[in-house]
Visitor: 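Dropping the structure in here first, questions after.
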Number of protein chains: 2
Amino acid sequence: MCPAKISESAVRRLSLYLRVLDAFELAGKTTVSSGDLAERGGVTPAQVRKDLSHFGSFGKRGLGYPVSELRERVTEILGLGRRWRVGLVGAGKLGAALFFYDGFRGQGFDVAAIFDNDPDKIGQRWGRLVVEDIESMDRVMRTSQVEMGIIVTPAVSAQQVADRLIASGVEAILNFAPTRLQVPPGITLRNVNLEIELESLAFALTHENGA
Amino acid sequence: MCPAKISESAVRRLSLYLRVLDAFELAGKTTVSSGDLAERGGVTPAQVRKDLSHFGSFGKRGLGYPVSELRERVTEILGLGRRWRVGLVGAGKLGAALFFYDGFRGQGFDVAAIFDNDPDKIGQRWGRLVVEDIESMDRVMRTSQVEMGIIVTPAVSAQQVADRLIASGVEAILNFAPTRLQVPPGITLRNVNLEIELESLAFALTHENGA
DNA sequence: TCGTGTGAACGAATTCACAGCG
DNA sequence: CGCTGTGAATTCGTTCACACGA
């Protein structure tokens, strides 16, 4: 009922449901059925029920799920009942875009440190933070109690940055650099790779038969 | 051998192999085994062979695959034997980061138009382009022969933008807005959602047992 | 009756294991 | 031999279908 082995995609769907629940709660609905959630989330009702059932029985038969309570439970399950401290490595354009992106702090994630190795960037003030030298990562990460790292450096530096992050105690990394990173077991890594996304679109357009 | 139904993840692995092949070719290697590719790509040798076998027999038994030839074939398969024209919708920070990102044009993708609905942004010169009014999307997209759209607008505008892109003849969309987009069949959609990635990291950190 | 929760059926994707060719 | 190419076996995720409780 609680934790066996939840698939990566199931977890991502929970994020989705959470957003749908937010919308329903805002709209004043007090209960939703798996069908309601499914429709707004673009999945099947059975999928919704199965996903939720991994963590317990939150619904009432014949009625559906209590919106507010389910929202709380899913928030808890995803580990969003608290705030997370994030370190951003790479003070380039993409780093800036992420840093100044609002729906970030709104969701419980605080950027607590920014790093770069470019002397021109180090010392710059970004909002309430100052861009730190990558060399002082270990010290800064520990004093700021950073738990997650986001890599927005060029590909060549990414592995080195990942190694440093891990050495500083970070156990979860989101990598935007177009490189396959090697991380030891126990470290969670997610990749966002623009090139791969575009190439998969190119493949789809090239191999579509009809239309 | 050629086209049945290739899974999305298999296509993404092809992108990966392509990058590994680039590295091998640069290093002067002339043949690689599935084991070589697997090691550098973080997958199993059997997976590599299976993925490639969907498109033909490129290897020699007892020897491996000819690097240069395989690289050409995979490039062709992914639809990267030509350049693609991309339209960027949203001239904010993230849009700018993507626009000025190099490894974009390097991979065969050219941003051919940028749109926004903010009067302050419309008319701005970005490199060789001028930010266009979203209202003129249909005309601009057609004269620029744009084939793919990238959405980097706030969530509230994203669906409307997607509809317009599709009306302008675009059949492939990469969506960075944190919203579930509805698109008709025949339109390829990929989502990149920062919030979902972070939440999946939060889940992983919350539910890790060992350490 | 309605919608959940869930075992069972199904299907997709990965891995295994080996025949076959250089 | 060594390594590919591929059916067979397996694992994993999704969907079905129905018993059960509100």
Side-chain angles (χ1 to χ4, degrees), chain A residues 1-17 20-21 24 29-71 73-74 77 196 200 203-204 207, chain B residues 1-17 20-21 24 29-71 73-74 77 196 200 203:
Chain A
M1 252 200 195
C2 250
K5 200 60 201 301
I6 311 301
S7 77
E8 158 101 39
S9 29
V11 174
R12 302 170 89 93
R13 283 193 299 270
L14 287 184
S15 291
L16 192 62
Y17 304 154
V20 175
L21 286 168
F24 275 128
K29 290 201 68 163
T30 57
T31 55
V32 280
S33 67
S34 58
D36 295 336
L37 282 167
E39 190 182 357
R40 296 278 299 256
V43 297
T44 66
Q47 180 89 82
V48 173
R49 294 200 300 276
K50 183 70 88 178
D51 286 341
L52 295 177
S53 76
H54 290 132
F55 300 96
S57 300
F58 310 123
K60 296 207 189 321
R61 300 180 190 224
L63 235 179
Y65 302 88
V67 171
S68 165
E69 191 184 316
L70 183 58
R71 207 183 63 85
R73 290 296 291 116
V74 175
I77 290 164
I196 288 183
S200 111
F203 177 87
H207 293 84
Chain B
M1 255 198 192
C2 251
K5 200 61 199 305
I6 311 301
S7 78
E8 157 100 41
S9 30
V11 173
R12 302 170 87 94
R13 282 193 299 270
L14 287 184
S15 291
L16 192 63
Y17 303 154
V20 176
L21 286 168
F24 275 127
K29 291 202 68 163
T30 57
T31 54
V32 280
S33 68
S34 58
D36 296 335
L37 282 167
E39 192 183 355
R40 296 277 300 256
V43 297
T44 66
Q47 180 90 80
V48 172
R49 294 200 298 277
K50 182 70 87 180
D51 286 340
L52 295 176
S53 76
H54 290 132
F55 301 96
S57 300
F58 310 123
K60 295 208 190 322
R61 299 178 190 227
L63 235 179
Y65 302 88
V67 172
S68 164
E69 191 185 315
L70 183 58
R71 207 184 61 84
R73 290 295 291 117
V74 175
I77 290 164
I196 288 182
S200 112
F203 177 88

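Just so it is clear: chains get the letters A, B, ... in the order the sequence lines come, proteins before strands, and each one is counted from 1. Keep in mind that the numbers below use all heavy atoms, side chains included, and drop hydrogens, waters and symmetry copies.
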Visitor: When you match B/A46 and A/G35 each to their closest nucleotide on DNA chain C, which lands nearer the 5' end?
Guide: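 Its nucleotide being nearer the 5' end, the pick is A/G35.
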Visitor: Among the nucleotides D/dC18, D/dG5, D/dT6, which one has an atom lying closest to any side-chain atom of B/K50?
Guide: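 Looking only at heavy atoms from C-beta outward on B/K50, the closest nucleotide is D/dT6.
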Visitor: Taking the minimum atom-to-atom distance to the side chain of B/S7, which one of C/dA13, D/dT15, C/dT15 wins?
Guide: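 The answer is C/dA13, which lies nearest to the side chain.
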Visitor: Output the rounded distance in Å from CG (A/L63) to C1' (D/dA22).
Guide: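 Result: 7 Å.
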Visitor: Hey, does the side chain of B/Q47 come within less than 4.0 Å of C/dT15's phosphate (OP1/OP2), counting only N and O?
Guide: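 For B/Q47, the contact criterion (side-chain N or O under 4.0 Å from OP1 or OP2 of C/dT15) is met.
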Visitor: Round to the nearest Å and state the distance from A/E8 atom CD to D/dG13 atom P.
Guide: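 To the nearest whole Å, that distance equals 10 Å.
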Visitor: Strictly below 4.0 Å, N to O, side chains only: are A/R12 and A/E8 in salt-bridge contact?
Guide: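 Counted as a salt bridge, because a side-chain N and a carboxylate O are separated by less than 4.0 Å.
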Visitor: Between B/R49 and A/R49, which is nearer to the 5' end of DNA chain C once each is assigned its nearest nucleotide?
Guide: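 Between the two, 5'-proximity favours A/R49.
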Visitor: Within 45 degrees of the axis of the six-membered ring of B/F55 and under 6.0 Å from its centre: does B/R73 put its NZ or CZ there?
Guide: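 Not flagged: B/R73 not positioned over aromatic ring of B/F55.
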Visitor: Choosing from D/dT6, C/dG5, C/dG22, which nucleotide comes nearest the side chain of B/S53?
Guide: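 So the nucleotide nearest the side chain must be D/dT6.
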Visitor: From the options D/dT15, C/dT6, D/dT4, select the nucleotide whose nearest atom is closest to the side chain of B/S33.
Guide: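 Closest nucleotide among those given: D/dT4.
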Visitor: Round to a whole Å and report the spacing from CG of A/L70 to P of C/dG3.
Guide: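 In whole Å, C/dG3 P lies 16 Å from A/L70 CG.
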Visitor: Take atom CZ of B/F58 and atom P of D/dT6, then tell me their distance rounded to the nearest Å.
Guide: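 Distance, rounded to whole Å: 11 Å.
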Visitor: If you assign A/V43 and B/S34 each to the DNA chain D nucleotide with the nearest heavy atom, which residue ends up on the more 5' nucleotide?
Guide: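 Looking at DNA chain D, the more 5' nearest nucleotide goes with B/S34.
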Visitor: Please pick, from C/dT14, C/dT6, D/dC3, the nucleotide with the shortest atom-to-atom distance to any side-chain atom of B/R61.
Guide: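 For the B/R61 side chain, the nearest candidate turns out to be D/dC3.
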Visitor: Taking the side chain of B/Y65 as heavy atoms from C-beta outward, which of D/dC16, D/dC3, D/dG5 is closest to it?
Guide: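 Within the option list, the nearest is D/dG5.
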Visitor: Whole angstroms only, please: what is the CG-C1' distance between B/L52 and D/dC3?
Guide: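 My rounded result for the distance is 13 Å.
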Visitor: Do the side-chain N or O atoms of A/R13 get closer than 4.0 angstrom to the phosphate oxygens (OP1, OP2) of D/dT14?
Guide: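 Answer yes for this pair, as a side-chain N or O of A/R13 is under 4.0 Å from OP1 or OP2.
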Visitor: Can you tell if the side chain of A/F203 reaches within under 4.5 Å of the side chain of B/I77, non-hydrogen atoms only?
Guide: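 A side-chain contact under 4.5 Å exists here.
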Visitor: Could you state the CG-P distance from A/D51 to C/dT6, rounded to the nearest angstrom?
Guide: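 In whole Å, C/dT6 P and A/D51 CG are 13 Å from each other.
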Visitor: How long is the line joining CG of A/D36 and P of C/dC2, in whole Å?
Guide: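 It works out to 15 Å between those atoms.
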Visitor: From C/dG5, C/dT15, D/dG5, pick the nucleotide closest to the side chain of B/T44?
Guide: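 Looking only at side-chain atoms, B/T44 lies closest to C/dT15.
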Visitor: Under a 4.5 Å cut-off applied to non-hydrogen side-chain atoms, are A/L52 and A/L14 in contact?
Guide: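 Heavy-atom side-chain distance check passes, below 4.5 Å.
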Visitor: Using only atom types and a distance under 3.5 Å, with no angle test, would you say the side chain of B/D36 pairs donor to acceptor with the backbone of B/S33?
Guide: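 Between the backbone of B/S33 and the side chain of B/D36 there is a qualifying donor-acceptor contact (under 3.5 Å).
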Visitor: Tell me the interatomic distance from B/K5, atom NZ, to C/dG11, atom P, rounded to whole angstroms.
Guide: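 Rounded to the whole Å, the gap is 15 Å.
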